[in-house]
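For reference, the structure is listed below as structure tokens.
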Protein chains: 2
Amino acid sequence: MREKLPVNQILQGECVEIMRTLPDECIDLIFADPPYNLQLGGDLHRPDNSKVSAVDAEWDQIGDHDDYDLFSCAWMEEARRILKPNGAIWVMGAYHNIFRLGTFLQDMGFWIMNDVIWRKTNPMPNFKGTRFTNAHETLIWAAKTKDAKPTFNYAAMKALNDGVQMRSDWVLPICSGGERIKASDGKKAHPTQKPEALLHRVLLATSDPGDIILDPFFGTGTTGAAAKRLGRKYIGIERETDYVQVATERLEAIRPAADQSLAVTRSKRAEPRIPFGNLVERGMVKPGDMLYDSKGKRTARVRADGSIISGRVEGSIHKVGAEIQNAPSCNGWTFWHVRKKGGLMPIDTLRAEIRAAMEA
Amino acid sequence: MREKLPVNQILQGECVEIMRTLPDECIDLIFADPPYNLQLGGDLHRPDNSKVSAVDAEWDQIGDHDDYDLFSCAWMEEARRILKPNGAIWVMGAYHNIFRLGTFLQDMGFWIMNDVIWRKTNPMPNFKGTRFTNAHETLIWAAKTKDAKPTFNYAAMKALNDGVQMRSDWVLPICSGGERIKASDGKKAHPTQKPEALLHRVLLATSDPGDIILDPFFGTGTTGAAAKRLGRKYIGIERETDYVQVATERLEAIRPAADQSLAVTRSKRAEPRIPFGNLVERGMVKPGDMLYDSKGKRTARVRADGSIISGRVEGSIHKVGAEIQNAPSCNGWTFWHVRKKGGLMPIDTLRAEIRAAMEA
DNA sequence: GGAGGATCTGAATCCGACA
DNA sequence: TTGTCGGATTCAGATCCTC
């Protein structure tokens, strides 16, 4: 006998308690974007002195590693119980928390299918120049058990990716502009709203129409929105009254796609930019090598970081080319050459080799 | 007294045992790409039983204590011991092992600076069509402690990336073609040889010339190759005789880049500090001269001691600039200008003249 | 209306030398 | 160790504003 599930609803409360009210093995897919437990220091200002709005919500303050581990294991154990035998889970995070989440998944017997990288086209920069731009987040897709056969719509993913296999790195912009939900005061309703395109791809890849999707950290309901559009059923769990309110209104306004093939969005495939430094890293040009202009008169020396130096002028291939010509600008790719078998070859030829290899 | 380290050598043996022979706090940077295709009871045995039980006691909260976790904690503890206080570690892996490695790093007190994604331009496709193409691997860059100040050549990374911040996702091809080392039978000498371009970027970003780089899973010596080219010292540890042999020959053939080419773009923080008072002392700015913001609206008057005064606000060029803008901070060198031939010139230009004179 | 410039913002573990 | 203070630090994209 089948109990009646609260589908297409938002259940308000602590996710572990709410999940306990659900029967065993009733959910097809879980998508979870839990608090990251960021441990931020003081205020952070941009170089223009404006202040960065921190993720300082009370719900993200879990505590130290031990507290976070207890919290994580509690909800993940319940999640595992309510998953169908061939069900699967997606868990999302950043370096602060994703390693712990992945370890717990493995320890509980989940079987990782892929880790997927969300490469952000427009991440927030590192304002103080202390680290690499934190330009991605990680998602883990795991089956309930090693032997489970979770849904994977391989052909749909291939179609979505212009006919080649979908890779484990997804290039998508962050949620901003009109998609970003504003509160009545005009400020963002939720500090970490995810783009619907991300959930679209997750649900299209690993669920079927009619499936029941649970999101235990529902927030403003992005998972529900994508589910409703794609003809899936959702169950949302959210603790904060404000978010429940926003998500309810949001979902009310969404109409499922009449023809679901129309709902397939295409990802932008950005032409890869090749920095000159790549030629150095790849050994096509070596630190200390000389570059020449087309007549072999002017020279510059390559450094290990891809900058070049000519006399007292140093900088990028473009900047140095411009300065030694006393020109406003210069395309270093065509200006500079390497000596090759007696002749001179523009470095643009080397760049073309890299691009050709990337295409193949 | 300083012990003599076995630099630019390959030490053959189990990495934990070899690391034990090294003194505390002697290594600047560790790069570790540990094996992960391990079977329980397989070819990777515990370093020694006494050590394992100690680790066992210390890490009993982790969960499943299979041999892989014990092995990982054992080598990472040794790695931590021999790292200098401001040292750092890179650990590399895929979803099979990287989550465990990241968790252990955090639990041991390492402080994650970034996780970095190596996005492969030419990954192996997924033949069965049951998952996404596994097109990336993950690297974790972590400092020894939360308060450590590991080396990060921010400006060099920016130069290497054509003038924009280096991001946490690195697009590089897998190691193939001529770079891939073949054994005498024509087959690849090592199953997971890493591209030298990857190590080039790692070492350029987080070490300086002369630093000592340890790789406890040396394999065919890619870390050593990049280190030698870039003027770093390396210590390689490798268990398999065949790999030691291949790596030895490989490293012998490599010629380092000339010293002058190892210089990379320096950050401004590393420039010599010039007090504003120097400009006054040298007569480039005179007591009583007026300073202006870029629009000529706000003004301040220079005093003989290099302080400035604007209305009732007085102090350094930075402090006054910040206060009259009501900003948390201000770079007075770029904020303030002097009148020159009808136009306004930032006082930073005058500072640059002094620095150029100091260089000459 | 449109072009172009100014402004704003996004899951952020974000300074360092010297007294 | 702690406090002070000099001064270094940002990319893409959406929206708003001006001409």
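In this text, all values refer to a predicted model and were calculated from it rather than measured experimentally. Order of the sequence lines fixes the chain letters, A, B, ..., with proteins taken first and strands second; residue numbering starts at 1 for each chain.
- In this structure, A:Asn49 places its CG atom 14 Å from P of D:dA8, rounding to the nearest Å.
- To the nearest angstrom, P of D:dA8 lies 7 Å from CG of B:Asp348.
- Within 4.0 Å (heavy atoms only), B:Ile274 reaches sugar-phosphate atoms of the nucleic acid but no base atom.
- In this structure, a donor-acceptor pair under 3.5 Å is present between the side chains of A:Tyr243 and A:Trp59.
- Nearest-nucleotide mapping onto DNA chain D: of B:Trp333 and B:Val164, the residue sitting toward the 5' end is B:Trp333.
- D:dA8 sits 26 Å from C:dA12 when the P atoms are compared, rounded to a whole Å.
- Phosphate contact (OP1/OP2 of D:dT10, side-chain N/O of B:Lys158, threshold under 4.0 Å): present.
- For B:His318 and D:dG7, the shortest distance from a side-chain N or O to OP1 or OP2 is below 4.0 Å.
- With no hydrogens or angles considered, no side-chain donor-acceptor pair links B:Thr145 and B:Trp111 at under 3.5 Å.
- Across the protein-nucleic acid pair, B:Phe335 atom CZ and D:dA8 atom P stand 15 Å apart, rounded to whole Å.
- Here the separation of D:dG13 from C:dT13, taken at their C1' atoms, is 26 Å to the nearest Å.
- A:Trp118 has its side chain within reach of A:Met92: a pair of non-hydrogen atoms, C-beta onward, lies under 4.5 Å apart.
- A gap of 23 Å separates the C1' atoms of D:dT15 and C:dA11, to the nearest Å.
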**Study point:** Canonical and wobble pairing (Watson-Crick, G-U, under 3.5 Å) of DNA chain D, dot-bracket with |
**Key:** .|||||....|||||||||
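- There is a side-chain donor-acceptor pair under 3.5 Å between A:Asn97 and A:Tyr68.
- In this structure, A:Ile181 atom CD1 and D:dA14 atom P are separated by 17 Å, rounded to whole Å.
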Practice item. Go along nucleotides 9-15 of chain C 5' to 3' and tag each nucleotide: B for a protein heavy atom under 4.0 Å from its base, S when only backbone or sugar atoms are that close, - otherwise. Key: BBBBBBS
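- Taking the P atoms as reference points, C:dC8 lies 23 Å from D:dT9, given to the whole Å.
- Between the CZ atom of A:Phe132 and the P atom of D:dC11 there is a distance of 14 Å, rounded to whole Å.
- Put simply, B:Tyr154 has no side-chain N or O that comes within less than 4.0 Å of OP1 or OP2 on C:dG16.
- Contacts of A:Thr121 with the nucleic acid, taken as non-hydrogen atoms under 4.0 Å apart, involve only primed sugar atoms and P, OP1 or OP2.
- When side chains are defined from C-beta on, B:Trp336 does not count as touching B:Asp348, because their heavy atoms never get closer than 4.5 Å.
- Between the side chains of A:Arg239 and A:Gln12, no donor-acceptor pair is found at a separation under 3.5 Å.
- Considering only side-chain N and O atoms, B:Arg167 lies nowhere under 4.0 angstrom from the phosphate OP1 or OP2 of D:dT10.
- The aromatic rings of A:Phe99 and B:Phe99 are tilted relative to each other, their planes meeting at an angle between 30° and 60°.
- Residue B:Ile347 contributes atom CD1, which lies 13 Å from atom P of D:dG6 at whole-angstrom precision.
- Looking only at atom types and distance, the side chain of B:Lys319 has no donor-acceptor partner in the side chain of B:Ser307 under 3.5 Å away.
- Among the heavy atoms of the strands, none lies under 4.0 Å from A:Gly93.
- Taking the syn range as angles within 90° of 0, the glycosidic angle of C:dT13 is syn.
- Of the N and O atoms on the side chains of A:Thr222 and A:Arg250, at least one donor lies less than 3.5 Å from an acceptor on the other residue.
- Atom C1' of nucleotide D:dA8 and atom CZ of B:Arg355 are separated by 11 Å, given to the nearest angstrom.
- Protein atom CZ of A:Arg119 is 13 Å distant from nucleotide atom P of D:dA12, rounded to whole Å.
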N/O donor to acceptor pairs below 3.5 angstrom from side-chain atoms of residues 147-158 of chain B, sequence neighbours left out:
residue: B:Asn153; atom: ND2; partner: B:Leu204; partner atom: O; Å: 2.8
residue: B:Asn153; atom: ND2; partner: B:Ser207; partner atom: O; Å: 3.0
residue: B:Tyr154; atom: OH; partner: B:Gln165; partner atom: NE2; Å: 3.0

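- For the residue pair B:Asp115/A:His136, the side-chain donor-acceptor check at 3.5 Å is satisfied.
- Residue side chain B:Ser329 reaches the base of D:dA8 through a donor-acceptor N/O pair under 3.5 Å, judged by distance alone.
- On the P atoms, D:dG7 is 32 Å away from C:dG10, given to the nearest whole Å.
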